[in-house]
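On a predicted model such as this, the values are computed, not experimentally measured, just so you know. Quick note on labels: first sequence line is chain A, next is B, and so on, each numbered from 1.
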Amino acid sequence: MNFRGLAFNNILRSRTRSLLTILSIATASVTLTVVLALDRGYQAAVDRELVSKSGVHLYITKEGCPMEAASIIAQGGISPLYVPASVLGRLATVGNLDAVLPFNIFALTTSDGTRTDIFTGVTPALRKMRPDLEFDRGGWFEGKDPIILGAEMARLEKRAVGDKIYFEQLKREFRVVGILKRTYGQDDGMFFLPLEVSQALIDRQGKLSAVAIKVKDVGKLATTLDELRALLPGDYYVMSSKELGAGVLTFFGSTRVIMFVTVIMTFLVSIMGIVNTKLMTIAERKREFAYLKCVGATAGDIMRLVSLETGLMGVIGAAVGGAAALVLSPLFEGVIRRYLVVYVPTSRIVEPGAAVVLASAALVVVVSLAASVYPAARAARIRPMEVLRDE
Amino acid sequence: MTSERAPIARLVDVVKTFRRGSEEVRALGGVSLDVAPGEFAAVVGASGSGKTTLLNMLGCMDTPTGGRVLVSGRDVTNAGERELAEVRKHSVGFVFQQFFLVPTMTVLENARIPALFARNPAGERRAAELLELVGLGRRLDHYPGQLSGGEMQRVVIARALVNSPALLLADEPTGNLDSRNAGGIMELFESLHRGGLAIVMVTHNPDLAGRAGRIVRMEDGRIMA
Ligand SMILES: Nc1ncnc2c1ncn2[C@@H]1O[C@H](COP(=O)(O)OP(=O)(O)OP(=O)(O)O)[C@@H](O)[C@H]1O
Ligand SMILES: [Mg+2]
């Protein structure tokens, strides 16, 4: 038995109260861990999926702010904005273009609302733009009603090459001709159709969601961007994928603020809880602290004891919270995905790593200790004489 | 009363007043007392006569308003909180009417607590020895809730002695006990006294007081005999 043992014993003495305090600490810890993980995960996913791995350097869209464009391109839906296919002809004079991919993208939710499928209509330019996209099985569009499935979709739909796949939203059946290898990017969750088929499905013949461009020389990206902007009419918008990513993150900024405010609120509630229960406990144990002083405990000893009690609860709370965050992260992931507006990455976004878990645990313990300072000081001030005071 | 050895605690003209609102309460009105090593004294007197206050002065629980207090040859009259804690830790042991036992700790762990604050590594062994001495050698792993009142008070006495003080201060130690248990505690005190421990015990029980070597009678904050 040492100070820690004594502190631990004191925690056990009021089990319910300690349990509630630990739960409130754990809640703060879960919130912090999830928010930190989401914050990092989202930025990493946007960077990975929209900027570094998309293979696209530039997008041409029509009108609107970059955010609108971002939603159109990334999230799908059927946007009223479109780029006429005729724009492709204008690009002929521009140098430094390696691949030009006109595409069309839309998302359709099933009538029962349980799932949303993302369809993208592409041309063979996709293969030039994305040499990293490889077929796991099968190959490029051929024959009647062909469709290519992202790796995740093939897994979910349990389809192999040659199988039929029916979409209730489109009232159409397709034949799986190819299944892509997993890229851990947004491709995994997509259905690929020939551009014309896809345009016809939503009655958008000759209309594109956007044109994606891959340049030959990335060093001249800025020049190409200027050239395109000069070439195209004012109602066209040319944007680099970096700008797209940055735009998405700007939008995410407000979500971030809300998240961190939530964290601060949970911490405040938790701190008030700790201070309140600790003060209650100290009031109840006043004569006991006085007794400890009689047997030679100094003010410092008492401070140490009370801080240890709170610190131990902080450690337990942080551990429980960290473990809960790890276990529950897929659940949070699902909930958070539903409320992301601008861009929903395909890869995991709430995946607390060791750094995040440890950082939040450390912060939780420090905050618990800080919350114990005032109650500990109160306890330390109790005079030994109080031991004899009849209440 | 004379003693060839220096007293382990000495009060010289000690005055203690308390403020209660605008009113001033004089709990001790100039008290002088020497406690010799190995002495067994009983303090008696009516309620409010200043017995507990006297014990507080001896135990360095509080500083006097006037006069001087010496414990273990150290003048603690104007000592700071830290120095008083130091004296309490090593020179005196306390037994009160209330037990202040931690219900979730075993008898042995409870008895060890003062050693914890004194950073006394031999505390556990000493606590076990003392518990043996007070007749609880076979109850070390029991919890306070499993003990009778008299047994709990024995744990408290063992705990008070764990840092080997020369003086034991007891404020109505039998106040919560029936006469049989009270007698048992008194016998324990007598045997500790025979072992060389100085004891100052406040009691309302004239029979128990009569068994001490010396009776200090208090009245209105003064010692009468
Ligand atoms: N902390 C205090 N503040 C104010 N007055 C006090 C305080 N402690 C003691 N007194 C007063 O000093 C006087 C002596 O009190 P003390 O507790 O020493 O009496 P006592 O002899 O121990 O009485 P009892 O037999 O009831 O325990 C009483 O009038 C008491 O009200
Ligand atoms: Mg009293």
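- When the shell of 6.0 Å around CZ of B:Arg119 is examined, it contains more than 12 heavy atoms from other residues, nucleotides or ligands.
- The CE atom of B:Met105 sits 7.5 Å away from the CG atom of A:Asn10 when rounded to the nearest 0.5 Å.
- Contact annotation for residues 293-306 of chain A against chain B (heavy-atom separation below 4.5 Å, listed by residue number): A:Lys293, A:Cys294, A:Val295, A:Gly296, A:Ala297, A:Thr298, A:Asp301, A:Arg304.
- Shown here is B:Glu219, whose CD atom has no more than 12 heavy atoms of other residues, nucleotides or ligands within 6.0 Å.
- Around the CZ atom of A:Arg13, the shell of radius 6.0 Å holds more than 12 heavy atoms that belong to other residues, nucleotides or ligands.
- Counting non-hydrogen atoms of other residues, nucleotides and ligands closer than 6.0 Å to CZ of B:Arg10 gives a total of 12 or fewer.
- Under a cut-off of 6.0 angstrom, the local environment of CG in B:Asp220 is sparse, with at most 12 non-hydrogen atoms contributed by other residues, nucleotides or ligands.
- Of the listed residues (B:Ala118, B:Gly59, B:Pro103), the one with the most heavy-atom contacts under 4.5 Å to chain A is B:Pro103.
- A:Phe289 is linked by a ring pair (Phe, Tyr, Trp, His ring centres under 6.0 Å) to nothing, counting only residues two or more places apart in sequence or in another chain.
- In A:Arg4, the CZ atom is not crowded: 12 or fewer heavy atoms of neighbouring residues, nucleotides or ligands sit closer than 6.0 Å.
- In this structure, B:Arg159 and A:Tyr291 have side chains that are in contact, with non-hydrogen atoms separated by less than 4.5 Å.
- Atom CE of A:Met280 is surrounded by more than 12 heavy atoms from other residues, nucleotides or ligands within 6.0 Å.
- To the nearest 0.5 Å, the span separating CD on A:Glu288 from CD1 on B:Ile113 amounts to 7.5 Å.
- From A:Arg383, atom CZ reaches atom CG of B:Leu84 across 11.5 Å, with rounding to the nearest 0.5 Å.
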